[in-house]
Amino acid sequence: MSEATQKERPILIDGMGRKIVNLRISVTDRCNFRCTYCMPADNVEFMDRGELLSFEEITQVARVVSKMGIYRLRLTGGEPLLRKDLPTLVKMLDELEDIEDIALTTNAFFLTDQAAALRAAGLKRLNISLDALDKDKFTHVNRRDCLQQVLDGIAESRKVGFDSIKINAVAVKNFSEDEILKLVEMGREQDLEIRFIEFMPLDADQTWERDKVLFGHEILDIINQKYELVPIKDSLEIGPASEYSFSDGKGKIGIITAVSNPFCDYCNRIRMTADGKLRTCLFSTNEHNLKELIRAGATDSDIEQRIRAALVSKEPGHKINLDSFERPVRAMHAIGG
Ligand code: SAM
Ligand code: SF4
């Protein structure tokens, strides 16, 4: 985008004065994995397919927000690559003139087949979930025995040449410790930023406890035993991760301290579930039904008004650390992480 266009972009501000630039769009609540920190092992009730927003409906919302000041989109789920013809949606979104950046979060299982088509459709960046490089640990946490397919998906994506590929690893106490340095070293070797995310209370099994979170400072301690890290200034103002480079100049990591040091003051995003509910916070207990509005024939202006009204009451922050914390009814796979 040219400098002139950047100056013209409208600025979207929430009720707390935060600038909102990012919409996360869930395209399905279905998944081929059953990660312990996200989904139940079985008997999952999924949304009826008719409840899912169509590509046209998703694009309508994206067009509206792009005129309001949002210029970054991320597709997620559930597993977004399970949604049929996803590259078609990427292309439709890429054709919106005010959208600058389209990213995707995926478990990588289908990337060997889909990476090239997604890239060609306009996808710029990938976040790939990979919690463990030990095969048994991978199988335990994802409840699927397919580490190699995921590694192959990462390899294919590197070949295709995305602007950036980051690896997301959820950090769980008494599980992740031995995987931290292995993942860090993979990142340094393959030029991938590894991001460790503190385990959040969004698991469908509702087994989350504070004692099960491997905290950011503990992750840093593990890495510091072998490598000297250098904090990257102001990284929280750009995204949710505190980022660090290595003193030898090779590689970069990020730590998302969603529990121990929430980044809510810098939150610049809103979310839309696969069934078209706008959520102003990952932990919202209240949703705004855009699907109903769209299917009643709403104009772009109607949708814009509803989104502006929702943003006035965007939560100042989540309450994980307070006694008044209330878990959202939806688990992570149904919200869109
Ligand atoms: N299926 C895709 C994947 O796993 O990358 C996209 C959806 S998944 C819900 C998005 C991200 O949320 C993943 O990086 C996943 O590791 C993370 N996640 C899921 N449950 C979580 C939890 N309880 N705490 C922290 N992160 C979680
Ligand atoms: Fe599926 Fe992603 Fe949830 Fe794992 S984290 S169960 S891959 S949606």
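Atoms within each ligand, like the ligands themselves, are counted from 1 in listed order.
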Taking only heavy atoms of [X] into account, list the atoms of ligand 1 that are under 4.0 Å away from them.
X      : result
Glu198 : 25 (C)
Asn107 : 2 (C), 3 (C), 5 (O)
Asn168 : 14 (O)
Val170 : 16 (O), 26 (N), 27 (C)
Gly78  : 1 (N), 2 (C), 6 (C), 7 (C)
Glu79  : 1 (N), 2 (C)
Gly77  : 7 (C), 9 (C)

Can you measure from CG (Leu278) to CG (Leu293) and round to the nearest 0.5 angstrom?
11.0 Å
For Lys314 and Asp14 the tightest heavy-atom approach is CD-OD2, 3.4 Å
Could you tell me whether Asp131 and ligand 1 have an N or O pair separated by under 3.5 Å?
no
I'd like to check whether Thr76 has a polar contact with ligand 1, where a contact means an N/O of the residue lying under 3.5 Å from an N/O of the ligand.
no
For the residue pair Phe175 and His140, does the interplanar ring angle fall in the parallel (under 30°), tilted (30 to 60°) or perpendicular (over 60°) class?
tilted
When you measure from the heavy atoms of Gly77 to every atom of ligand 2, does any distance fall below 4.0 Å?
no
Taking only non-hydrogen atoms of Met39, do any sit less than 4.0 angstrom from ligand 2?
yes
Give a yes or no on whether Asp191 atom CG has more than 12 heavy-atom contacts from other residues, nucleotides or ligands under 6.0 Å away.
no
Looking at [atom], what's its closest protein heavy atom, distance included?
atom                    : result
atom 11 (C) of ligand 1 : Thr105 CG2, 4.2 Å
atom 12 (O) of ligand 1 : Met332 CE, 3.6 Å
atom 25 (C) of ligand 1 : Met200 CE, 3.5 Å
atom 5 (O) of ligand 1  : Ser129 OG, 2.6 Å
atom 21 (C) of ligand 1 : Tyr37 CD1, 3.6 Å
atom 6 (S) of ligand 2  : Cys35 N, 3.3 Å

Closest to atom 1 (Fe) of ligand 2 (judged by heavy-atom distance), picking from Ala334, Cys31, Ser26, Pro80
Cys31
Measuring from non-hydrogen atoms of Cys35 to any atom of ligand 1, is the shortest distance under 4.0 Å?
no
Strictly under 2.8 Å, is atom 3 (Fe) of ligand 2 approached by any N, O or S atom of Cys38?
yes
